[in-house]
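Quick notes on the structure that follows.
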Amino acid sequence: MRKFAENLVDIKESNISNFKKLKEGDDIKSGDYLHIDEQTYAEIGKGNIICKQKVSKNITILRKK
C-alpha cells in the first residue's frame, strides 16, 4: 500500500486479500476505503459526511480485515 496524499492510498491487487469488500446496504465507517480509480482509494476520515451513508451498488468500499 503506497500513500499519495493525506488520505489517498494505492492498494495493489496482491494486497486486496487484506481487505473486505463491503456489500450494498452496509454502513460506511471511518477508516474504510472508497474506490477512486484503478488501484487508488481514499481513506474515509472521522467525521466525514459519507460515514452517515450506506454502501450503494455503484461504489466500492473496502475495510481492513
Side-chain angles (χ1 to χ4, degrees):
M1 192 164 59
R2 182 175 58 137
K3 288 202 174 216
F4 292 107
E6 187 174 315
N7 70 329
L8 294 181
V9 293
D10 184 22
I11 301 175
K12 299 199 181 293
E13 192 67 34
S14 59
N15 294 333
I16 212 84
S17 62
N18 296 328
F19 296 87
K20 170 186 165 186
K21 182 177 177 181
L22 300 183
K23 297 176 184 173
E24 186 176 352
D26 286 347
D27 291 328
I28 299 172
K29 299 180 181 178
S30 174
D32 289 345
Y33 295 88
L34 172 66
H35 183 250
I36 302 294
D37 184 39
E38 295 182 17
Q39 298 178 27
T40 305
Y41 291 79
E43 184 176 3
I44 299 167
K46 189 174 184 178
N48 192 308
I49 194 164
I50 198 170
C51 291
K52 297 180 180 187
Q53 306 294 317
K54 295 199 180 279
V55 177
S56 73
K57 65 180 179 180
N58 299 323
I59 60 173
T60 300
I61 305 278
L62 300 178
R63 182 174 292 156
K64 286 186 180 180
K65 289 184 177 178

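Because the structure is a prediction, the values reported are computed rather than measured. We number each residue from 1, following the sequence as shown.
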Starting at [atom1] of [X], measure out to [atom2] of [Y] and round the result to the nearest 0.5 Å.
{"X": "Leu34", "Y": "Leu8", "atom1": "CG", "atom2": "CG", "value": "10.0 Å"}
{"X": "Leu22", "Y": "Ser56", "atom1": "CG", "atom2": "OG", "value": "11.5 Å"}
{"X": "Glu38", "Y": "Thr40", "atom1": "CD", "atom2": "OG1", "value": "7.0 Å"}
{"X": "Glu43", "Y": "Tyr33", "atom1": "CD", "atom2": "OH", "value": "4.0 Å"}

Side chain to side chain, [X] and [Y], heavy atoms closer than 4.5 Å:
{"X": "Ile44", "Y": "Cys51", "result": "yes"}
{"X": "Leu62", "Y": "Tyr41", "result": "yes"}
{"X": "Lys21", "Y": "Thr60", "result": "yes"}
{"X": "Asp26", "Y": "Ile61", "result": "no"}
{"X": "Lys29", "Y": "Arg63", "result": "yes"}
{"X": "Ile11", "Y": "Ile16", "result": "yes"}

Nearest heavy-atom pair of Asp10 and Gln39: which atoms, and what distance?
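Looking at all heavy atoms of both residues, the shortest contact is OD1-CB, 2.9 Å.
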All side chain to side chain donor-acceptor pair (under 3.5 Å) counterparts of Asp27, not counting sequence neighbours:
Lys54
Expected output: side-chain Lys65 to main-chain Ser17 donor-acceptor under 3.5 Å
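Side chain of Lys65 to backbone of Ser17, a donor-acceptor pair under 3.5 Å: yes, one is there.
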